[in-house]
Amino acid sequence: MAAQGTDATFEQEIELSPVPVVVEFYATWCGNCRRIESVLDDLEAEFAPNVRLVKVNADENAQLVSKFAVTSTPTLFAIVSGAQVATTIGAQPEPVLRAVFEAAATRVATEPGEGCGCGPSCSSATGEPAIGWVDARACTLPTDDQPMRLAEFEALFASSLREVRREESGWLRLRLGGGADVEAGARDLARRESDCCSFFDFAVGRDGDEVIVDVRVPSDKEAVLDGLAAQAEAARTEGEQW
């Protein structure tokens with residue numbers, strides 16, 4: 001069962017915790033908090049004893065709300081050795097919430113200048129692949145943000161993907177089912193991914209009841225599309241099992 005954190009117990013419960021902590025700021029009246037409660041309980045049980053879940057009532061702990069600049073509930077933070085390594089806001093789907101726990105469980109502290117700085121997939125300083133499909137040298141998304149970005153893609157694929165097709169060697173087409181919300185989500189992700197990985201050329205449009213996402217890359221980055229396609233198919237398969 002999740003521990004309760006307060007202004008008075010924060011240092012002991014969170015900053016001095018011997019294991020990583022996921023902190024949820026919630027409110028008793030918050031419907032979105034209730035929506036994710038069972039998912040968080042399941043994740044807490046799955047990741048125990050390597051990650052602890054601590055819940056903070058935002059209405060009763062003004063100091064912590066101010067310290068973490070919390071403006072809405074639910075808000076989650078992954079904290080390792082007193083440092084924030086991931087965050088998410090709102091009633092996110094299970095893959096996004098899971099990514100917060102995974103960020104806490106797998107985070108390895110590095111000295112300034114070490115490690116990687118790529119997008120929703122990277123290679124570490126040793127050249128080992130971490131997550132996803134993009135080489136560390138080709139992307140600039142901060143390391144702490146990578147798990148959340150990957151989880152956003154996985155959530156989109158799991159809920160909406162209908163088809164993955166390689167049109168040409170450097171061109172991948174994704175067909176998504178859904179309305180304006182899916183299209184808006186795809187456009188937002190495409191824009192943010194292009195910002196940190198400039199070699200991507202995304203085009204998002206509609207074909208009847210489907211959202212079409214075309215992804216093009218230069219010839220020297222074609223392997224990226226292989227990884228993206230595999231990630232999309234894996235997420236869709238997992239989504240179908242749910």
Side-chain angles (χ1 to χ4, degrees), residues 1-10 13-14 17 20-48 50-80 84-105 120 144-161 176-192 209 211 235-236 238-242:
M1 182 176 180
Q4 287 289 322
T6 68
D7 291 337
T9 65
F10 171 77
E13 288 284 0
I14 300 171
S17 174
V21 177
V22 171
V23 181
E24 181 203 12
F25 283 83
Y26 75 97
T28 56
W29 47 264
C30 171
N32 281 339
C33 300
R34 291 192 291 271
R35 285 178 57 194
I36 66 171
E37 184 175 9
S38 63
V39 178
L40 292 180
D41 289 344
D42 289 345
L43 290 170
E44 178 193 18
E46 178 181 340
F47 282 85
N50 299 315
V51 177
R52 296 175 59 234
L53 176 63
V54 175
K55 297 190 175 187
V56 176
N57 188 321
D59 290 332
E60 298 177 354
N61 297 279
Q63 292 179 25
L64 289 180
V65 169
S66 177
K67 178 183 179 69
F68 285 88
V70 173
T71 59
S72 64
T73 56
T75 295
L76 276 71
F77 297 94
I79 299 178
V80 180
Q84 296 179 33
V85 300
T87 184
T88 188
I89 299 172
Q92 298 291 344
E94 194 270 353
V96 175
L97 300 177
R98 173 177 293 276
V100 178
F101 280 79
E102 290 176 344
D144 290 352
D145 294 338
Q146 295 164 18
M148 302 309 302
R149 179 67 60 81
L150 181 62
E152 287 183 273
F153 272 98
E154 289 182 340
L156 178 67
F157 296 150
S159 64
S160 305
L161 186 65
L176 311 174
D181 56 336
V182 173
E183 182 178 356
R187 288 186 183 279
D188 177 59
L189 272 176
R191 176 188 58 78
R192 288 187 284 130
D209 66 342
V211 178
R236 176 172 64 173
E238 183 174 347
E240 289 173 347
Q241 292 173 349
W242 282 87

(message) Strictly below 4.0 Å, N to O, side chains only: are Glu46 and Arg98 in salt-bridge contact?
(response) yes
(request) With rounding to the nearest 0.5 Å, note down the distance linking OG1 in Thr75 to CZ in Phe68. (result) 11.0 Å
(message) Treating Arg34 as the side-chain partner and Thr28 as the backbone partner, does any N or O pair qualify as donor plus acceptor under 3.5 Å?
(response) yes
(request) Measure the spacing between CD of Glu24 and NZ of Lys55 and express it to the nearest 0.5 Å. (result) 5.0 Å
(request) State, with a plain yes or no, whether a side-chain heavy atom of Leu156 is found less than 4.5 Å away from one of Val182. (result) yes
(request) Can you label the angle between the Phe25 ring and the Phe77 ring as parallel, tilted or perpendicular, going by 30° and 60°? (result) perpendicular
(request) Please name the residue in the list Val23, Ile36, Ile89, Thr87 that meets the side-chain contact (heavy atoms from CB on, under 4.5 Å) test with Leu76. (result) Ile36
(message) Test your reading of the model: is there a side-chain donor-acceptor pair from Ser159 to the backbone of Ala155, 3.5 Å cut-off?
(response) yes
(message) If you define the side chain from C-beta out and look only at heavy atoms, does anything of Glu152 sit under 4.5 Å from Arg192?
(response) yes
(request) Please report the shortest heavy-atom distance between Asp59 and Ala27, naming the atom on each side. (result) OD2-CB, 3.8 Å
(request) Heavy atoms only: give me the nearest Ala186-Leu176 pair and the separation to one decimal. (result) CB-CD1, 4.2 Å
(message) Quick check against the 3.5 Å criterion: does Ser66 have a side-chain atom that pairs as donor or acceptor with the backbone of Gln63?
(response) no
(message) Please give me the minimum heavy-atom distance between Asp7 and Glu60, naming the atom from each residue.
(response) OD2-O, 4.4 Å
(message) Please check this pair: side chain of Glu44 against backbone of Ala2, looking for a donor-acceptor N/O pair closer than 3.5 Å.
(response) yes
(request) For residues Tyr26 and Asn57, determine if any side-chain heavy atom of one lies less than 4.5 Å from a side-chain heavy atom of the other. (result) yes
(request) Mind listing the closest non-hydrogen atom pair of Val51 and Val22 along with its distance? (result) CG1-CG2, 3.8 Å
(request) Working to the nearest 0.5 Å, report the span between CZ of Phe101 and CG of Leu53. (result) 5.0 Å
(message) Does any part of the side chain of Phe47, heavy atoms only, come nearer than 4.5 Å to the side chain of Glu102, both counted from C-beta?
(response) yes
(request) Using atom types as modelled and distance alone, determine if a side-chain donor or acceptor of Thr6 lies under 3.5 Å from a backbone N or O of Thr9. (result) yes
(message) I need the minimum non-hydrogen distance between Leu43 and Glu94, along with the two atoms involved.
(response) CD2-OE2, 3.9 Å
(message) To the closest 0.5 Å, what do you measure between CG (Asp188) and CD (Glu183)?
(response) 12.5 Å
(request) Can you measure from CD1 (Ile79) to CZ (Arg52) and round to the nearest 0.5 angstrom? (result) 11.0 Å
(message) I need the minimum non-hydrogen distance between Gly5 and Asn61, along with the two atoms involved.
(response) O-ND2, 3.9 Å
(message) Measuring only between side-chain heavy atoms, which start at C-beta, is Cys30 closer than 4.5 Å to Arg35?
(response) no
